[in-house]
Every structure is written in C-alpha cells, then in structure tokens.
Amino acid sequence: MDRLKLVLQYFQSNSESISNGICIVLALISVKLYTSFDFNCPCIPQYNKLYALGVMFVPPLIFFFLGILVNRHTGVMMDEWLRPIGKRSKNPAIVKYMFSAMMQRALLAPMVWILVTLLDGKIFICAFSMSVDPKPFSGMPNNTGLDLIKLMAKVPCKEDMIFRNSTFRKAVSRYVRCYSQAIGWSILLFFILLGALGRLIKPCFDDHATNLQTRYWSNYLDIEQKLFDETCVLHCRDFARKCVVQFFEGMREDAVLRLPLSPEVRYRGEEDMVDEEEERLHGITKQEQMDQLLQTWFQCKPELDVTRMAYRPRVCVTWEDHNGQTLYSDV
C-alpha cells in the first residue's frame with residue numbers, strides 16, 4: 001500500500017509525471033482491450049487480410065491520436081510555436097524538445113498494441129495463411145471441392161468442419177505464428193537497442209549546457225501556462241463575485257444605519273476594503289480591460305526578466321524632531 005502511494009505521489013508531482021502516467025495507463029488499456037477483444041477471422045479470401053490488418057493498425061492510430069490529445073505538452077508546444085514574437089524571442093529547440101517528448105509518449109500505447117498482436121499471432125495467421133505453401137505440410141484435406149486459396153483462407157477458423165481436429169491446420173497455424181512472434185520479438189529488440197544506443201551515444205555529441213537550458217525553459221513554459229490558468233480562475237471568481245454583489249446591492253432600497261464610529265476607524269476600514277479589492281482584481285474592473293489583457297498576453301508575452309520585482313523599492317520611515325534631527329529610522 002505504501003508503494004502504491006509513492007507511485008501515485010510521483011505521478012502527481014508535475015506535468016511530466018502526469019503525462020507519463022497517462023501514457024502508461026493507455027498502454028495498459030490497450031493490452032486489456034486486446035485480451036478482451038473477440039477476434040473472429042472472416043475466413044474469406046477477399047476479407048481476411050483487410051480485416052486482420054485493420055485490427056492490427058486502426059486501434060494503434062486511435063491510441064496515437066488519443067495520446068496526443070491528452071498530452072499537456074501538445075497545447076503548450078502549439079502555443080509556443082504559433083504565438084507572435086513580441087517581447088519574448090522564440091527558441092526552436094524548445095519546440096523540438098517538446099515535440100519529441102510528446103511523440104515518444106504518444107507512440108507507447110500503439111507500439112504495445114502492435115507487439116501484443118504480433119506475439120499472440122492470431123491476426124497474423126488470419127492475414128497471411130493464404131500466402132503459405134501447403135506442400136511441406138501433410139494431412140491437407142483434398143475432398144472439399146474448394147480451390148487452394150479458399151481452403152487456406154479457412155485455416156484460422158478451427159470451428160470449421162473442414163479443419164476440425166486437423167493436424168494440417170495446426171501445423172500451418174504454428175508455422176505462421178512462429179513468423180509473427182519472430183517479427184514481434186525483433187521489433188521489441190530493435191527498439192530496446194535503439195533506446196540504449198541513444199542513451200549512450202547522444203550525450204557524446206550534444207551540448208550539455210544547451211540541453212539543460214532547453215529542459216529548463218520547456219518546464220518553465222509548462223509551469224507558466226499552469227500558473228496563468230490558475231490566476232485567471234482566481235480572477236474570474238473574484239470578478240464574478242463583485243458583479244453579483246453589485247447586482248444585489250443595486251436592487252435593494254437604500255438604508256441608512258447610523259452607528260457611532262470614529263473618523264479614523266472609518267477611514268481605515270474603507271482603505272482596507274479598497275486595497276483588498278485592488279489586490280484581488282489587480283485593477284482590472286471592466287470587460288474591455290480583461291479582453292485587452294488577454295490579447296496582450298498572447299501577442300506580446302512579457303520578457304523573461306524579473307529584476308524589476310527583485311529590486312522593487314520599499315518604503316522607509318524616519319522619525320525626526322522639530323529641529324530635523326533623526327530620532328529613529330527603519331532603514
């Protein structure tokens with residue numbers, strides 16, 4: 001149970017971990033769907049290969065586009081690629097890095113589906129049983145009245161009366177399944193070797209400083225977009241609350257309530273209320289202002305420089321006597 005909690009905490013730690021978790025879930029779903037899928041070969045020469053190849057490649061296409069759809073890097077990458085330059089320059093290396101990360105995650109579930117189908121072999125038997133030469137195999141039924149193509153197309157259908165308890169069908173199926181599994185293991189070995197060589201050789205030819213900068217700014221874009229969305233949600237809530245309060249206050253009749261309150265306390269209360277509203281709404285109190293702000297954010301994102309916030313001037317109070325002599329200062 002503790003290990004499961006650690007795994008869940010890892011997948012919830014950041015956007016990249018969430019994307020990895022979603023891709024793993026999609027891969028597991030692909031395996032579960034294939035194992036629960038009732039594959040029935042039509043056993044007709046005109047449809048065997050079409051049906052089998054459709055089952056092998058159409059679901060991977062669906063998982064591929066689904067992986068692109070649920071990947072957060074897709075939206076961030078497209079925003080960075082399509083936005084105007086404005087005050088912030090574009091770095092093609094960041095877009096390339098995010099595109100590579102998106103494609104790697106999106107291809108995981110489709111490759112799992114294809115490998116599972118190849119290692120299982122049923123789809124390969126349905127698609128290519130007609131291409132097998134039956135001469136090396138003994139026990140082929142020759143009193144069915146069917147030509148060779150139609151006879152070999154019925155090999156995947158073990159329930160057919162022609163091949164019920166037939167050693168010929170089992171031998172041909174075993175032969176085609178061996179080819180299918182050999183291709184599946186070869187593809188798996190190829191990708192493992194390719195990934196291992198990429199891990200070993202790529203650092204020898206890449207600039208480590210450039211890679212660190214690319215990774216840093218790609219993470220920055222993801223976090224910046226997330227914080228902007230969260231800030232917009234908070235501003236929307238406060239703006240809506242203010243509009244609703246104004247509506248109900250405008251509908252009621254004016255009432256005067258006289259209470260003894262000193263001017264100093266009344267002034268402080270009004271000032272605190274104004275400061276609180278300005279802090280929540282950041283001075284944006286009209287729809288036109290908000291539309292202009294969002295348009296400016298897209299067309300001219302702020303430059304990556306926070307020195308103005310780092311060196312923000314602060315108020316220093318100094319107490320002096322009537323002669324101008326400093327009594328106390330908080331500088």
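For the numbers below, each heavy atom of this structure counts, side chains included, while hydrogens, waters and symmetry mates do not. This is a predicted model, so every value here is computed, not measured.
Y220 contributes atom OH, which lies 5.0 Å from atom CG of L304 (distance to the nearest 0.5 angstrom). Here the CE atom belonging to M102 is positioned 7.0 Å from the CG atom belonging to N71, to the nearest 0.5 angstrom. We find the CG-CG distance between D79 and D222 to be 11.0 Å, quoted to the nearest 0.5 Å. Of the inter-residue distances, the one linking I125 atom CD1 with R169 atom CZ reads 8.0 Å to the nearest 0.5 angstrom. To the nearest 0.5 angstrom, F239 atom CZ is 10.0 Å from K286 atom NZ. I85 contributes atom CD1, which lies 13.5 Å from atom NZ of K301 (distance to the nearest 0.5 angstrom).
Hydrophobic clustering of Ile, Leu, Val, Met, Phe, Trp and Tyr side chains at less than 4.5 Å, counting indirect connections, keeps L50 apart from M130. Under the 4.5 Å side-chain heavy-atom criterion for grouping Ile, Leu, Val, Met, Phe, Trp and Tyr, I44 is not connected to L148 through any hydrophobic cluster. With hydrophobic clusters built from ILVMFWY side chains whose heavy atoms lie under 4.5 angstrom apart, L227 does not share a cluster with W217. In this structure, V112 is a member of the same hydrophobic cluster as L194, with clusters built from ILVMFWY side-chain heavy atoms closer than 4.5 Å. Placement of L212 and Y216 in two distinct hydrophobic clusters is found when ILVMFWY residues are connected by side-chain heavy-atom separations under 4.5 Å, directly or transitively.
Side-chain contacts under 4.5 Å among hydrophobic residues (ILVMFWY), followed directly or transitively, place F228 together with I284, M290, L293, L294, W297. In the hydrophobic clustering, V58 connects to I62, either directly or through intervening members, whenever side-chain heavy atoms lie under 4.5 Å apart. Counting side-chain heavy-atom gaps under 4.5 Å among Ile, Leu, Val, Met, Phe, Trp and Tyr, the cluster of L189 also holds L193.
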Open item on the list: Run V155 and M152 through side chain to side chain contact (heavy atoms under 4.5 Å, CB included) and show every step you take.
Closed with: CA-CA 5 Å; V155 169; M152 298 303 294; 4.2 Å; yes
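Residue pairs meeting the disulfide bond (SG atoms under 2.5 Å apart) criterion with at least one member in residues 153-196, sequence neighbours excluded, are C43-C157. Every pair passing disulfide bond (SG atoms under 2.5 Å apart) that includes a residue from residues 94-131 is listed here, sequence neighbours excluded: C41-C126. A side chain to side chain donor-acceptor pair (under 3.5 Å) check over residues 82-95, counting only residues at least two apart or in different chains, returns the pairs E80-R83, R88-E224. For residues 125-136, no residue pair satisfies the side chain to side chain donor-acceptor pair (under 3.5 Å) rule, not counting sequence neighbours. Within the structure, ring-ring contact (aromatic ring centres under 6.0 Å, His included) pairs that include any residue of residues 114-139 comprise F124-F128, F137-Y175 (at least two apart or interchain).
By the side chain to side chain donor-acceptor pair (under 3.5 Å) test, Q104 pairs with S100, sequence neighbours left out. Judged as a side chain to side chain contact (heavy atoms under 4.5 Å, CB included), and not counting sequence neighbours, the contacts of R237 are V233, L234. Every residue two or more places apart in sequence or in another chain that forms a ring-ring contact (aromatic ring centres under 6.0 Å, His included) with F39 is listed here: Y51.
Across A106 and I68, no two heavy atoms sit closer than the pair CB-CG1, 3.8 Å. P45 approaches I149 most closely through the heavy-atom pair CB-CG2, 3.9 Å. Nearest heavy atom pair, residue Q289 against residue T285, reads OE1-N, 2.9 Å. For the residue pair L221 and M98, the shortest heavy atom distance occurs at CD1-SD, 4.4 Å. In terms of heavy-atom proximity, I123 sits nearest to A52 at CG2-O, 3.2 Å. When all heavy atoms are compared, the tightest approach of W113 to V55 is NE1-O, 3.1 Å.
A distance-only check finds a donor-acceptor pair linking the side chain of R177 to the backbone of D120 [under 3.5 Å]. When atom types are taken as modelled, the side chain of Q292 and the backbone of E288 share no donor-acceptor pair closer than 3.5 angstrom. Looking only at distances, no side-chain donor or acceptor of S173 sits under 3.5 Å from a matching main-chain atom of K170. Judged by distance alone, with hydrogens and angles left aside, the side-chain atoms of N48 form no donor-acceptor pair with the main-chain N or O of A127 at under 3.5 Å.
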Would you be so kind as to tabulate the donor-acceptor pairs closer than 3.5 Å made by side chains of residues 180-187, with sequence neighbours excluded?
{"unit_1": "S180", "atom_1": "OG", "unit_2": "L118", "atom_2": "O", "d": "2.5"}
{"unit_1": "Q181", "atom_1": "NE2", "unit_2": "L119", "atom_2": "O", "d": "3.1"}
{"unit_1": "S186", "atom_1": "OG", "unit_2": "A182", "atom_2": "O", "d": "2.6"}

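No side-chain donor from either of D291 and Q295 sits under 3.5 Å from a side-chain acceptor of the other.
Residues F63 and L108 are not in side-chain contact: their nearest non-hydrogen atoms beyond the backbone lie 4.5 Å or more apart. Side-chain atoms of V70 and L26, non-hydrogen and from C-beta on, do get closer than 4.5 Å to each other. Looking only at side-chain heavy atoms (C-beta outward), L115 and F191 stay at 4.5 Å or farther from each other.
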